[in-house]
Amino acid sequence: MTRGRDEGAGAPPARQRALLAAVVAAIVAVSATIYVGVAADEGTERHDTVARGMGDVNGGGALNNPAAPVSTGTWVTSWTAAPVGGEPGTELTGLAGRSVRNVVHTSAGGSGARVTLSNLYGQSPLTVSHASLAVSADPDTAQALADTMRRLTFAGRPSVVVPAGGEVTSDAVRIAVPHDGDVLITTYSPVESGPVTYHRHARQISYVAPGEHTRDTTGAAYTGRSKVWRYATALDVLSNEADGTVVVLGDSLTDGVTSTTGANTRWPDVLSDRLRSAVAAGRDVPRYSVVNAGISGNRVLADGLGRPAENPSGLHRFERDVLGRTNVRAVVVVLGINDILRTPGAADPEPIVAGLETLVRRAHGRGVRVIGATLMPFRGHRGYTEAREAVRQRINAEIRAGGVFDAVVDFDGAVRDPYDPGRLRGVYDSGDHLHLSDRGYVRMAKEFDPGVLEGGVPAEL
């Protein structure tokens with residue numbers, strides 16, 4: 001079920017809503033100043049590094065990098081992982097002297113690719129002396145298809161130093177990236193770098209090898225296994241099958257923390273398949289890649305601890321994790337349940353709704369369409385109270401009224417128990433009464449009509 005924006009429908013008085021939004025914006029502005037202050041000294045250097053790493057790929061001029069693709073297409077993001085924090089156990093040495101092989105699952109395919117590496121949570125510069133990209137030979141192995149192995153360069157150089165708090169994007173390379181396939185992103189750091197920037201809940205097995213083995217295609221050296229993604233935060237592809245990117249901003253329900261490891265049944269994965277199938281069937285729907293910017297425990301309003309904050313709020317990470325992705329055309333927002341669960345007593349629904357509206361205004365400022373989702377039930381979960389359930393219902397009423405988002409997907413209606421609407425339907429419940437089973441994530445994706453991605457952005461007066 002979807003509904004368009006209907007300004008004022010079911011909303012509190014305009015003056016009250018405007019005041020709440022102003023308060024939220026002021027808090028975000030002050031907090032953002034603190035949040036980015038730690039990286040202020042590196043800001044200019046980080047920008048220059050990224051610009052050099054991307055070469056002339058977006059500019060339409062001659063490509064300086066001989067490894068860059070010469071075919072035509074549109075640059076889109078095919079995979080992403082939002083950085084969560086510094087990996088425990090890596091605070092002093094990082095992963096010096098080891099090759100890290102991340103296994104990532106693609107949305108759109110393409111004829112060329114580039115990779116973004118992050119040192120957001122590092123306390124010292126990260127030296128990457130070797131890096132590579134390849135297509136996986138098999139879903140459950142570190143082995144690469146030999147003819148796809150590509151050395152990555154950065155502004156034409158094989159090594160790069162990523163400043164603390166910064167990120168860098170590689171030069172583009174020719175490589176046939178499959179849609180709905182696995183790709184290997186491998187890095188090697190020869191010196192200690194401090195905390196490793198990581199994404200905790202990958203739901204995918206990746207690999208580690210002692211020594212420099214970034215271009216090893218056999219995978220034999222990769223005897224270490226991990227369930228996290230390290231350093232890599234985005235894979236862009238030059239695609240002829242996608243014209244833009246959809247980013248899903250969410251919490252653990254988007255991150256897919258209870259989905260089967262290696263099965264790619266997070267609901268954005270299933271939505272990507274559905275959207276591609278709809279295009280192939282001749283439906284008049286946008287040709288977009290779908291990428292997952294979910295973080296377990298994420299909230300609209302509040303950050304985690306640390307500086308920079310671990311698990312930053314949706315408001316604070318929106319620019320980086322959503323608008324910072326390549327050729328973004330739409331964003332799907334599935335946030336709010338943790339704002340309810342992690343607030344002592346009962347949360348006030350109005351600041352949460354005002355925060356969601358702030359996200360919408362930011363997206364509209366960049367011409368990006370915003371689809372929102374109702375909050376799903378959690379009766380039976382250890383955090384459930386009748387007061388919190390009342391807050392969820394009030395937020396859902398605001399969302400359904402059509403005054404918050406450009407369109408609405410009713411996940412609540414799709415997965416709730418028809419005989420006990422405050423509870424997940426049994427077949428969709430992972431067992432903790434909050435997160436979904438694989439079948440539940442598939443049901444979420446099926447509720448999402450790809451047609452809601454079509455449409456312009458309302459003019460903001």
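Predicted model, so just to flag it, every value in this text is computed and none were measured.
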Margin query: Could you report the tightest heavy-atom contact between Ala144 and Leu184, atom names first, then the distance?
Written below: CB-CD1, 3.7 Å
Notebook entry, point to check: Which atoms form the tightest heavy-atom contact between Arg283 and Pro450, and what is the distance?
Noted result: NH1-CD, 4.0 Å
Checklist line | CZ-OG distance between Arg157 and Ser129, expressed to the nearest 0.5 angstrom | finding: 14.0 Å
Next item on the list: Could you verify whether a donor N or O on one side chain and an acceptor N or O on the other, from His201 and Ser252, lie under 3.5 Å apart?
Entry: no
Note to self: Please check if the number of heavy atoms outside Arg325 that lie under 6.0 Å from its CZ is greater than 12.
What the structure shows: yes
Note to self: So Thr197 and Glu167, do their side chains get closer than 4.5 Å, heavy atoms only?
What the structure shows: no
Checklist line | Any donor-acceptor N/O pair, Ser170 side chain to Val115 backbone, under 3.5 Å | finding: yes
Checklist line | Trp267 and Phe411 aromatic ring geometry - parallel, tilted or perpendicular at 30°/60° bounds | finding: perpendicular
Note to self: Tell me which one of Val442, Thr265, Val415 satisfies side chain to side chain contact (heavy atoms under 4.5 Å, CB included) with Leu436.
What the structure shows: Val415
Check: Hey, does the side chain of Asp406 reach the backbone of Val370 with a donor-acceptor pair shorter than 3.5 angstrom?
Finding: yes
Margin query: For the residue pair Ser239 / Thr74, report whether a side-chain donor-acceptor contact shorter than 3.5 Å exists.
Written below: no
Next item on the list: Go through Tyr441 and Thr258 one step at a time and tell me if the side-chain hydrogen bond (donor to acceptor under 3.5 Å, both in side chains) criterion holds.
Entry: CA-CA 10 Å; Tyr441 288 125; Thr258 48; 3.2 Å; yes
Note to self: Give me the atom names and distance for the closest heavy-atom approach of Trp229 to Asn102.
What the structure shows: CA-OD1, 3.4 Å
Margin query: Looking at every non-hydrogen atom in both residues, tell me the closest pair between Ile352 and Gly336 and how far apart they are.
Written below: CG2-CA, 4.5 Å
Notebook entry, point to check: Is the backbone N or O of Thr127 less than 3.5 Å from a side-chain atom of Ser189, with the two atoms forming a donor-acceptor pair by type?
Noted result: yes
Next item on the list: For Thr358 and Arg361, test the side chains for any donor-to-acceptor distance below 3.5 angstrom and give the result as yes or no.
Entry: yes
Checklist line | Beyond-backbone contact of Ser226 with Tyr198, side-chain heavy atoms, under 4.5 angstrom | finding: no
Next item on the list: Decide whether Asn292 and Asp255 meet the rule of one side-chain donor and one side-chain acceptor closer than 3.5 Å.
Entry: no
Item checked: Short side-chain to backbone donor-acceptor contact, Ser78 and Ala108, under 3.5 Å -> yes
Notebook entry, point to check: To the nearest 0.5 Å, what is the distance between CZ (Arg230) and OG1 (Thr90)?
Noted result: 8.0 Å
Margin query: Given 3.5 Å as the limit, does a donor-acceptor pair link the side chain of Arg274 with the main chain of Ala445, or not?
Written below: yes
Item checked: Smallest separation among heavy atoms of Leu453 and Arg369, with atom names -> O-CD, 3.6 Å
Margin query: Any heavy-atom pair between the side chains of Val76 and Val237 that's under 4.5 Å?
Written below: yes
Checklist line | Verdict with supporting geometry, Arg276 and Val279, side chain to side chain contact (heavy atoms under 4.5 Å, CB included) | finding: CA-CA 5 Å; Arg276 187 169 51 251; Val279 171; 5.8 Å; no
Margin query: I'd like to know if the side chain of Arg342 reaches the main chain of Ala302, judged simply by a donor and an acceptor atom lying under 3.5 Å from each other, with no hydrogens or angles considered.
Written below: no
Check: Just by distance, do the side chain of Arg317 and the backbone of Leu249 share a donor-acceptor pair under 3.5 Å?
Finding: no
Next item on the list: Ignoring hydrogens and angles, state whether a donor on the side chain of His105 or Asp269 is under 3.5 Å from an acceptor on the partner side chain.
Entry: no
Notebook entry, point to check: Does any non-hydrogen side-chain atom of Val208 lie less than 4.5 Å from one of Leu95?
Noted result: no
Notebook entry, point to check: Do the side chains of Arg266 and Gln204 get nearer than 4.5 Å, heavy atoms only?
Noted result: yes
Check: Judged by atom type as modelled, is there a donor-acceptor pair below 3.5 Å linking the side chain of Thr141 to the main-chain atoms of Asp138?
Finding: no
Next item on the list: Any chance you could lay out the salt bridge (Lys or Arg N to Asp or Glu O under 4.0 Å) test for Arg150 and Asp171, step after step, and finish with the verdict?
Entry: CA-CA 11 Å; Arg150 302 289 186 270; Asp171 300 322; over 6 Å; no
Checklist line | Distance in Å, Thr343 OG1 paired with Asn338 CG, rounded so as to fall on 0.5 Å steps | finding: 9.5 Å
Check: Would you say the side chains of Ser259 and Asp438 form a donor-acceptor pair under 3.5 Å?
Finding: no
Item checked: Close side-chain approach of Arg215 and Thr186, heavy atoms under 4.5 Å -> no
Next item on the list: Find the distance between CZ (Arg225) and CZ (Arg101) and round it off to the nearest 0.5 Å.
Entry: 14.0 Å
Item checked: Beyond-backbone contact of Trp75 with Arg114, side-chain heavy atoms, under 4.5 angstrom -> yes
Item checked: Flag, side chain of Asp339 to backbone of Val300, donor-acceptor distance under 3.5 Å -> yes
Check: Between Lys227 and Thr261, is a side chain to side chain contact (heavy atoms under 4.5 Å, CB included) present by the stated rule, with each step listed?
Finding: CA-CA 9 Å; Lys227 296 181 180 180; Thr261 298; 5.5 Å; no
Margin query: I'd like to know whether Val322 forms a side chain to side chain contact (heavy atoms under 4.5 Å, CB included) with Val368, so could you lay out the CA-CA distance, the side-chain angles of the two residues, the decisive distance to 0.1 Å, and finally the verdict.
Written below: CA-CA 10 Å; Val322 176; Val368 173; 5.7 Å; no
Notebook entry, point to check: Measuring from Leu375:CG to Ile340:CD1, what's the distance to the nearest 0.5 Å?
Noted result: 5.5 Å
Item checked: Between CG on residue Leu126 and CG on residue Leu120, distance to nearest 0.5 Å -> 12.0 Å
Check: Counting distance only, does the side-chain N/O of Thr80 pair as donor-acceptor with the main-chain N or O of Ala234 below 3.5 Å?
Finding: no
Next item on the list: Decide, yes or no, whether a salt bridge links Glu319 with Arg366 under the criterion of side-chain N to carboxylate O below 4.0 Å.
Entry: yes
Next item on the list: For Thr77 and Thr326, work out which heavy atoms get closest and say how close.
Entry: OG1-N, 3.0 Å
Check: Looking only at side chains, do Ser206 and Tyr222 share a donor and an acceptor under 3.5 Å apart?
Finding: no
Next item on the list: Could you tell me whether the side chains of His179 and Glu241 share a donor-acceptor contact shorter than 3.5 Å?
Entry: yes
Check: Does a side-chain heavy-atom distance below 4.5 Å link Ile205 with Val103?
Finding: no
Next item on the list: Decide side chain to side chain contact (heavy atoms under 4.5 Å, CB included) for Thr245 and Val291; before the verdict, give the C-alpha distance in whole Å, the side-chain angles of both, and the deciding distance to 0.1 Å.
Entry: CA-CA 7 Å; Thr245 303; Val291 298; 3.9 Å; yes
